Amino acid sequence: MIDLAILRDNPEILEKSLARRGLTVDVARLADLDRRVRETRHRAEQVRARQKELGKRIARLQGTEKQEAIAEASALAEEFKRLSAEADQLETEFQEIWVTIPNLVDDTAADGFTEADNQEIKRVGDPPRFDFEPRDHAELGTLLDVIDTDRAAKVSGSRFGYLKGKAALLEFALVRFAMDRLVEAGFTPMVPPVLVREFALFGTGFFPGDREQVYEVPADGLFLVGTSEVSLAAYHAEEILPEEVLPIRYAGFSTCFRREAGTYGRDTTGIFRVHQFDKVEMFAFTHPDASRDEHERLLSIEEDLVQTLELPYRVVNVAAGDLGASAAKKYDIEVWFPSQETYRELTSCSNTTDFQARRLRIRFRAGHGGTELVHTLNGTAIAVGRTIIAILENHQRADGSVRIPEALVPYLGFDLIEPPR
RNA sequence: GGAGAGGUGGCCGAGUGGUCGAAGGCGCUCGCCUGCUAAGCGAGUAGGGGGUUCACAGCCCCCUCGAGGGUUCAAAUCCCUCCCUCUCCGCCA
């Protein structure tokens with residue numbers, strides 16, 4: 001949710017932001033609806049005030065006087081009920097639209113509406129040159145017997161995979177490697193719930209917009225998270241934090257579940273796009289003045305991790321129209337995939353400013369004694385599945401064996417994945 | 001799955017129809033005192049919305065004691081529905 005004051009005092013800012021996202025919303029009508037809500041509510045409150053005052057006198061009155069006053073108060077109560085219902089109805093109508101309004105786009109977010117408009121900020125590392133025909137990760141996975149999507153299809157359907165043997169070990173190495181780095185950087189490690197209540201998804205901005213992407217467990221009224229961002233953000237829901245605890249930084253490890261509805265035919269090879277994968281996620285709660293710096297900090301941590309894994313990548317500033325509802329600005333790190341001869345998304349980090357904090361009511365006690373909304377940010381540290389396949393593809397050799405990046409060797413105890421004899 | 005208890009302010013915790021947005025305590029803020037620290041004394045301190053306004057200053061109003069509905073002139077207090085938390089038993093990684 002964005003600040004209502006924007007709609008009231010600077011609707012042109014909202015107009016502009018929506019236009020940058022390529023959305024059409026009748027802002028004038030929204031503003032008018034809001035005005036009518038307030039007008040009606042105000043009239044109702046005035047009636048209520050008179051009714052309450054009269055009620056106080058009734059306690060002290062006797063006889064006829066009392067009876068007359070009660071009759072009058074009764075009429076006021078009726079009137080209040082009527083106006084109040086009218087205001088409720090208008091407000092419902094307003095909220096229905098208002099909750100779908102995405103965050104204001106940051107001035108420095110890239111222009112454009114699709115992935116193709118993402119603005120490249122930098123490239124680091126060179127794509128590997130092979131003197132043989134490189135295999136894609138699915139081929140390598142089969143050859144090395146470390147990824148099995150055929151049997152996964154039998155057991156669970158399409159877009160699932162088994163990590164097997166050294167790839168399974170690689171997962172744990174990556175997770176521990178990332179966690180170690182993050183703890184060093186001041187993050188508190190977390191293993192959060194992956195089943196959450198609806199409010200957590202609404203609060204993080206995934207609902208109502210992306211509802212069809214989320215697995216639901218109707219019998220229990222719970223939902224499977226697509227990222228631990230959801231459970232980490234909601235961790236401090238409804239809280240008023242002391243200012244001095246900010247920034248709060250969490251490193252959450254969780255499995256992520258995504259329905260991938262509407263992606264039929266896209267990325268069907270291997271485990272590039274699956275319904276279930278594990279991820280280490282960074283999440284930060286900051287003072288509003290600190291979120292821009294924090295965003296850059298998260299990005300630099302992501303870059304450090306990718307560099308340490310010796311993967312060639314580029315950083316893009318995501319186009320306004322391609323941002324999620326809650327993000328004001330987002331950076332993606334795209335890593336080179338030799339089989340696709342292109343850079344594909346490996347990590348992503350967003351500054352959601354006060355959008356999630358407003359919905360989740362996460363505030364801090366500010367210096368002046370009042371409360372202010374915090375800012376929240378999230379960023380991928382390691383998306384395990386994709387990182388594994390990036391390692392396979394980039395560090396493969398002619399015989400199909402794969403070299404383990406040096407930084408992971410201490411976690412694994414081997415430096416090569418070879419085809420079984 | 002069975003049985004029971006309970007949801008009140010930043011936190012703990014009183015409060016069964018009007019004088020309760022709410023005792024008391026903790027915490028916090030300011031001041032005083034104590035030659036440091038600790039203790040002590042005094043005052044203040046819920047959140048949200050709206051109106052007025054140049055104003056995030058004042059002043060005024062409304063809402064909120066888990067949520068929603070109901071009874072009543074009047075509800076934290078009475079009634080109904082739902083949600084949530086905890087305890088014991090059962091099951092269980």
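Keep in mind that the numbers below use all heavy atoms, side chains included, and drop hydrogens, waters and symmetry copies. The model shown is predicted, which means the values in this text are computed figures rather than measured ones. Below, chain A is the first sequence line, B the second, and so on; all start at residue 1.
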Q: Which residue pairs pass the salt bridge (Lys or Arg N to Asp or Glu O under 4.0 Å) test with at least one member in residues 267-280 of chain A, sequence neighbours excluded?
A: A:E260-A:R273, A:D267-A:R273, A:D267-A:R344, A:K279-A:E281
Q: Looking at every strand, decide which applies to A:R197 at a 4.0 Å heavy-atom threshold: base, sugar-phosphate, or nothing.
A: sugar-phosphate
Q: A:I240 has an atom CD1; how far is it from atom C1' of B:A46, in whole Å?
A: 8 Å
Q: For the P atoms, the ones on B:G66 and on B:U8, what distance do you get once it is rounded to whole angstrom?
A: 6 Å
Q: When you look at A:I101 and A:L14, which way does the side chain to side chain contact (heavy atoms under 4.5 Å, CB included) test go after all the steps?
A: CA-CA 9 Å; A:I101 302 292; A:L14 177 55; 3.9 Å; yes
Q: What is the distance, rounded to the nearest whole Å, between atom CD of A:E372 and atom C1' of B:A46?
A: 18 Å
Q: Whole Å only: how far is the CD atom of A:E72 from the P atom of B:C73?
A: 14 Å
Q: Does a salt bridge link A:D150 with A:K154, judged by any charged N lying under 4.0 Å from a carboxylate O?
A: no
Q: Can you name the side-chain hydrogen bond (donor to acceptor under 3.5 Å, both in side chains) partners of A:S291, sequence neighbours left out?
A: A:N351, A:H375
Q: Could you pick out which residue, A:R363 or A:D88, lies toward the 5' side of RNA chain B when each is mapped onto its nearest nucleotide?
A: A:R363
Q: Please determine, for the side chain of A:E45, which listed nucleotide (B:C73, B:G49, B:G70) has the closest atom?
A: B:G49
Q: Output a table of nitrogen or oxygen pairs between the protein and nucleotides 51-54 of chain B separated by less than 3.5 Å.
A:
| from | atom 1 | to | atom 2 | distance (Å) |
| --- | --- | --- | --- | --- |
| B:G51 | OP1 | A:R38 | NH1 | 3.3 |

Q: Using the P atom as the reference point in each nucleotide, state the distance between B:C12 and B:C54 in Å, no decimals.
A: 43 Å
Q: Atom CZ of A:F80 and atom C1' of B:U72: how far apart are they, to the nearest Å?
A: 15 Å
Q: Could you tell me if the ring centre of A:F223 sits under 6.0 Å from that of A:F206?
A: no
Q: Are OP1 or OP2 of B:G48 and a side-chain N or O of A:T371 less than 4.0 angstrom apart?
A: yes
Q: Side chain of A:A77, heavy atoms from C-beta onward: which of B:G70, B:C73, B:G48 has the nearest atom to it?
A: B:C73
Q: Figure out the CD/P separation between A:E239 and B:G9, and round it to whole Å.
A: 13 Å
Q: If we count only N and O atoms by modelled type, under 3.5 Å, do the side chains of A:D332 and A:S348 hold a donor and an acceptor together?
A: yes
Q: For RNA chain B, which consecutive runs of 3 or more Watson-Crick or G-U pairs (each distance under 3.5 Å) count as stems?
A: B:1-7 with B:83-89, B:10-12 with B:24-26, B:27-32 with B:40-45, B:46-52 with B:58-64, B:66-70 with B:78-82
Q: So, is A:Q46 near the phosphate of B:C62, with a side-chain N or O under 4.0 Å from OP1 or OP2?
A: no
Q: Give the rounded distance in Å between these two atoms: CG of A:L83 and C1' of B:G50.
A: 15 Å
Q: When you compare B:U45 with B:A23, how far apart are their P atoms, in angstrom units rounded to a whole number?
A: 11 Å
Q: Roughly how far apart, to the nearest Å, are B:A5 and B:G42 at atom P?
A: 42 Å
Q: Report the distance from atom CD of A:E79 to atom P of B:C62, rounded to the nearest whole Å.
A: 16 Å
Q: Can you name the residues that form a salt bridge (Lys or Arg N to Asp or Glu O under 4.0 Å) with A:D136, not counting sequence neighbours?
A: none
Q: Ion pair present between A:E79 and A:R82, side-chain N to carboxylate O less than 4.0 angstrom?
A: yes
Q: Hey, are A:T347 and A:E302 close enough side-chain-wise for a donor-acceptor pair under 3.5 Å?
A: yes
Q: For B:G69 and B:A74, measure between their P atoms and round to the nearest Å.
A: 15 Å
Q: Between B:A75 and B:U53, how many Å separate the two P atoms, rounded to a whole number?
A: 32 Å
Q: With respect to the side chain of A:R365, which nucleotide from B:C73, B:A46, B:C62 is positioned closest?
A: B:A46
Q: Go through B:A74, B:C63, B:G47 for me and flag the one nearest to the A:R48 side chain.
A: B:C63
Q: Would you mind telling me which of A:I248, A:D354, A:L373, A:L241 makes a side chain to side chain contact (heavy atoms under 4.5 Å, CB included) with A:I362?
A: A:L241
Q: Quantified in whole Å, what is the P atom distance between nucleotide B:G13 and nucleotide B:G7?
A: 9 Å
Q: Using heavy atoms to find the nearest nucleotide of RNA chain B for A:K52 and A:D34 separately, return the residue whose nucleotide is more 5′.
A: A:D34
Q: Rounded to the Å, how far apart are A:L76 CG and B:A74 P?
A: 10 Å
Q: Between B:C84 and B:C28, how far is it from one C1' atom to the other, in whole Å?
A: 30 Å
Q: Quick one: which residue pairs count as a salt bridge (Lys or Arg N to Asp or Glu O under 4.0 Å) with a foot in residues 186-202 of chain A, not counting sequence neighbours?
A: A:E198-A:R211
Q: By nearest atom, which of the nucleotides B:C61, B:G48, B:G70 is closest to the A:A49 side chain?
A: B:C61
